[in-house]
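Data first, discussion second: the structure below is written as structure tokens.
Starting from 1, each residue takes its place in the sequence as its number. Start at 1 and go down the list; that is how both ligands and their atoms are numbered.
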Amino acid sequence: MKKSLLSLAGLFFCAFAFAQNTADLNVQGGDLKINKHIYGHFAEHLGRNIYGGFYVGEDNTTIPHTNGVRNDVVEALKTLKVPNLRWPGGCFADTYQWKDGIGPKEDRPTIVNTWWGGVTEDNSFGTHDFLNMCELIGTEPYLAGNIGSGTVQDLMDWVQYVNFEGESPMSKLRRENGREKPWNVKFWGVGNEAWGCGGNMTPDYYANEYRKYATFMAGWTNEGGLYRIASGANSADYNWTETLMKNIPANMVSGIALHHYSVIDWGAKGPARGFTEEQYFTTMQQALFMDELVTKHSAIMDKYDPEKRVALVVDEWGGWYESEPGTNPGFLYQQNTMRDAMIAGTTLNIFHKHCERVRMANLAQTINVLQAVILTDGEKMLLTPTYHVMEMYNVHQDATLLPLEIKSNEYTVGGNTLPAVSGSASKKDGVTHISLVNIDTKKSQEVTINLAGGKLKNVTGRILTSKNVTDYNSFEKPELITPANFKGAKLKGNTLTVKLPPVSVVVLELK
Ligand code: AHR
């Protein structure tokens with residue numbers, strides 16, 4: 001009698017301890033698409049992102065390259081399926097004179113990169129170099145126009161130079177510089193962080209500036225028109241979004257940007273490696289705050305644009321920590337740990353959930369800067385945990401969203417809590433994908449998903465995990481963290497159970 005009571009209690013305990021992460025999922029499919037452009041990346045002239053990252057120069061004899069662009073990087077980014085790449089900044093964009101970066105390299109002026117380390121910028125990587133590189137990678141360029149220190153004429157000329165097919169002064173110059181056909185660049189940022197490094201403008205002033213620049217750019221349209229993106233809010237600056245939506249007609253703007261970094265405190269960012277559990281918790285709080293930000297900015301946009309013609313473009317997001325000791329603080333070089341994998345997985349889940357409004361985003365940044373997907377050290381290159389999450393998740397690109405709301409257990413640190421598990425799902429070509437993240441550093445989480453709307457017979461999956469949330473891939477151990485086959489998912493009838501180890505990202509495929 002005693003024994004059976006005990007086993008009953010045990011059963012109850014197990015159910016209570018493991019079965020609290022639950023969700024319903026209708027695999028029939030909804031009507032919203034996850035735009036592949038939320039998987040965009042960002043290549044600013046900052047630190048070793050361009051120079052030493054993407055580009056090692058045409059004369060390099062030790063690193064295999066194509067016209068100076070590293071072949072290993074091109075291959076890695078092709079596998080990642082990068083849909084768009086933002087360039088040349090960031091803050092650098094509003095100082096960038098694009099005409100400095102065209103023509104014979106020996107004639108290009110050498111300038112100072114005043115935003116990032118005060119280093120010499122020889123302009124050897126310019127418009128042709130970037131746009132040809134995008135063709136090599138198979139990604140769409142996203143050019144950030146200079147409205148902080150550049151004129152309307154400069155921006156008009158740039159659009160004309162890269163997009164105009166007919167006879168005009170700028171298309172003639174492009175041809176003289178060796179490019180016959182235009183590149184047809186669709187994505188254009190009209191300034192960057194106009195509230196800060198882009199000119200410290202007020203939202204009213206910027207809205208007027210936007211209208212002016214956007215007007216004259218449009219004359220040099222490419223096929224299908226330009227996709228003009230207004231410089232958007234800094235995190236929770238809702239007034240910025242409100243002012244822009246009120247003052248810029250929807251037919252003049254395709255997207256309004258939003259920048260949000262997962263930073264603990266701008267005055268005390270904490271180390272990229274060897275951080276404490278409390279620091280990790282605060283970073284994740286900041287990462288999950290993206291849900292509230294997107295919800296609130298979208299609600300403002302809904303007031304002025306209920307048809308959702310204008311997209312919310314989160315063109316800078318990611319973790320920002322102190323630069324690695326011994327490196328130039330102006331280069332923003334930081335290692336990338338399992339914490340960053342957690343930021344990437346949870347943020348992409350949020351973007352999926354809001355895919356009706358969030359239709360483009362850019363992780364900051366691609367190589368050797370902030371939450372990078374690739375790190376280089378001379379000839380060596382490694383893929384970070386963030387790279388692996390972005391690669392595992394790319395199955396969701398352009399797939400149909402299957403709404404998934406998980407009732408999650410809590411991850412508790414010092415009496416504060418966050419949901420331990422987050423997830424998202426989509427369907428493409430008859431295949432369902434479910435992505436799950438467990439941010440808890442100590443506890444495994446069992447997730448039970450009740451499937452409806454169709455009979456699925458088979459589940460397979462991949463997992464990214466490591467013993468400690470502080471683990472990272474180093475040049476000594478570049479493959480410490482790589483995706484592996486996942487055997488922790490079981491499908492019984494319509495019930496899917498998944499056992500997620502601590503700090504793990506799992507992507508399941510169901511057929
Ligand atoms: O990504 C680094 C910098 O962060 C960008 O240049 C700027 O736009 C933002 O403040």
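Heavy-atom minimum distance, D305 versus V310: OD2-N, 2.7 Å.
With sequence neighbours excluded, no residue satisfies salt bridge (charged side-chain N to carboxylate O under 4.0 Å, His left out) with E322. Shown here are the side-chain contact (heavy atoms from CB on, under 4.5 Å) partners of F216, two or more places apart in sequence or in another chain: V152, M156, K212. Applying the side-chain contact (heavy atoms from CB on, under 4.5 Å) rule to T376 yields the partners R48, R70, I367, N368, I374, M381; only residues at least two apart in sequence or on another chain are considered.
Aromatic ring pairs are classed by plane angle as parallel below 30°, tilted from 30° to 60° and perpendicular above 60°; the pair Y96 and F92 is tilted.
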List of N/O pairs, ligand 1 versus protein, all under 3.5 Å?
residue, atom, partner, partner atom, Å
ligand 1, 1 (O), Y261, OH, 2.7
ligand 1, 1 (O), Q365, NE2, 2.9
ligand 1, 4 (O), Y261, OH, 3.4
ligand 1, 4 (O), E316, OE1, 3.2
ligand 1, 6 (O), E44, OE1, 2.7
ligand 1, 6 (O), E44, OE2, 3.1
ligand 1, 6 (O), C91, N, 2.8
ligand 1, 8 (O), N192, OD1, 3.4
ligand 1, 8 (O), N192, ND2, 3.0
ligand 1, 8 (O), E193, OE2, 3.3
ligand 1, 8 (O), E316, OE1, 3.1
ligand 1, 8 (O), E316, OE2, 2.7
ligand 1, 10 (O), E193, OE1, 2.7
ligand 1, 10 (O), E193, OE2, 3.1

For this session: Given salt bridge (charged side-chain N to carboxylate O under 4.0 Å, His left out), test D398 with K81 step by step and report yes or no.
Result: CA-CA 12 Å; D398 280 344; K81 299 201 173 105; over 6 Å; no
